[in-house]
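Numbering starts at 1 and runs along the sequence shown.
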Amino acid sequence: MVKHRADAPPLFFEAEAAGLAWLAMAERDGGARVVRVAGVGPGRIELERVDEARPTAEVARAFGAALARTHAAGAAAFGAAPDGWDGPIFIGRRPLPIAHETSWGRFYARDRVRPYLDIAVAAGTVTSGQLPAVERALERIDAGDFDDDEPPARIHGDLWNGNVLWSPRGAVLIDPAAHGGHRETDIAMLELFGVPFFEEIVAGYQEERPLRDGWRARIPLHQLHPLAVHAAGHGPSYGVALAEAARATVDLP
């Protein structure tokens, strides 16, 4: 399969290939399967064809365990780009800031929510009535209220349902925004857009590498990033959802 964009920013598809290669490094330790890159160049990327199949609970559970192993492969820092890649990274068509933070909260507020919130405010998709709740949430996050002892995880970074293909051999990941982040962010994005057999995925993950207590309550916290990205480019309904997630974040203990 070939993807191409005549208007692609410099190194757009090369960044995708670097992210795929970095995630694929975890496969040797049982990590999630990643689509293979057959070729990449300016404005185009050629990927292996993935024959799709109907997902099952068993396959979803196995994917959850494999995803935990991918996360455990780690990253150099919060916000770090894939190892060996010194170019830009992207989420969808938007640039994704690179950082080298030891504080997850500082990184997440500054580099994963704020840039897209500012765009959404300028576009009017986040209103003056919604903005204060988001700002209060960002204050708590930036202050380190939700920092923990979790090391930077090797995350897919754009793990919505459409980027998980179900094949006869199991789940296959495509189209990452791979970077060093918090593993709960990938889990929260799977939940946000309704991946099939979410609870089975979580069960497999928990068997391999249990999440910290309270992870379900923190889902809105970790959904602030994808909701801000969508509010920046996909309309005011995402501004509403972003404000709701922000209020839930502010209410976290």
Do [X] side-chain atoms and [Y] backbone N/O form a donor-acceptor pair below 3.5 Å?
X    : Y    : value
T125 : G239 : no
R154 : T70  : no
E101 : F78  : no
R44  : P42  : no
R112 : P97  : yes
D186 : G157 : yes
W85  : P88  : yes
D158 : N163 : no

Could you pull out the closest heavy-atom pair between [X] and [Y], with the gap in Å?
X    : Y    : value
R94  : A232 : NH2-O, 3.1 Å
A32  : L173 : CB-CD1, 3.8 Å
Y116 : D111 : CE1-O, 4.2 Å
G105 : D147 : N-OD1, 2.7 Å
G170 : V59  : CA-CG1, 3.8 Å
P253 : F146 : O-CE2, 4.2 Å

Single-linkage hydrophobic cluster [X]~[Y], side-chain heavy atoms < 4.5 angstrom:
X    : Y    : answer
F107 : M189 : yes
W166 : I187 : yes
I98  : I155 : no
V113 : W160 : yes
L159 : W22  : no

Can you label the angle between the F193 ring and the H230 ring as parallel, tilted or perpendicular, going by 30° and 60°?
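F193 and H230: tilted rings.
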Is the Y108 ring parallel, tilted or perpendicular to the H225 ring (thresholds 30°, 60°)?
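Judged by the thresholds at 30° and 60°, the geometry between Y108 and H225 is perpendicular.
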Determine whether more than 12 heavy atoms belonging to other residues, nucleotides or ligands lie under 6.0 Å from atom [atom1] of [X].
X    : atom1 : answer
R212 : CZ    : yes
H4   : NE2   : no
D7   : CG    : yes
E58  : CD    : no
D251 : CG    : yes

Can L224 and V134 be said to form a side chain to side chain contact (heavy atoms under 4.5 Å, CB included), step by step?
CA-CA 9 Å; L224 291 174; V134 184; 5.6 Å; no
For residues [X] and [Y], determine if any side-chain heavy atom of one lies less than 4.5 Å from a side-chain heavy atom of the other.
X    : Y    : value
V37  : F13  : no
P176 : E16  : yes
F90  : P9   : yes
D145 : L252 : no
L67  : H156 : no

Interatomic spacing from [atom1] in [X] to [atom2] in [Y] - rounded to 0.5 Å:
X    : Y    : atom1 : atom2 : result
Y238 : L242 : OH    : CG    : 12.0 Å
E244 : Q130 : CD    : CD    : 9.0 Å
L117 : L131 : CG    : CG    : 6.0 Å
Q206 : W215 : CD    : CH2   : 6.5 Å
L20  : D175 : CG    : CG    : 8.0 Å
L11  : I89  : CG    : CD1   : 12.5 Å

Taking only residues two or more places apart in sequence or in another chain, which ones pass salt bridge (charged side-chain N to carboxylate O under 4.0 Å, His left out) with R61?
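Testing R61 for salt bridge (charged side-chain N to carboxylate O under 4.0 Å, His left out), a comparison that skips the adjacent residues, returns E200, E207.
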Establish, yes or no, whether the cationic atom of R5 lies under 6.0 Å from the six-membered ring centre of F12 and within 45° of the ring axis.
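So R5 does make the cation-pi contact.
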Between R216 and E184, is a salt bridge (Lys or Arg N to Asp or Glu O under 4.0 Å) present by the stated rule, with each step listed?
CA-CA 9 Å; R216 286 188 189 272; E184 289 181 13; over 6 Å; no
Taking the six-membered ring for Trp and the full ring for Phe, Tyr or His, determine whether the centres of Y205 and H71 are under 6.0 Å apart.
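Distance test on ring centres: under 6.0 Å, yes.
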Are W104 and H222 close enough that their ring centres sit under 6.0 Å apart?
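Yes - the distance between ring centres of W104 and H222 falls below the 6.0 Å cut-off.
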Side chain to side chain contact (heavy atoms under 4.5 Å, CB included) assessment of V35 paired with M1
CA-CA 11 Å; V35 71; M1 186 193 77; over 6 Å; no
Among R140, R247, R114, find the residue that satisfies the salt bridge (Lys or Arg N to Asp or Glu O under 4.0 Å) test when tested with E135.
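Per the salt bridge (Lys or Arg N to Asp or Glu O under 4.0 Å) rule, the option paired with E135 is R114, out of R140, R247, R114.
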Would R33 and E48 satisfy salt bridge (Lys or Arg N to Asp or Glu O under 4.0 Å), going step by step from the backbone distance to the final call?
CA-CA 12 Å; R33 186 181 164 214; E48 71 168 311; 3.4 Å; yes
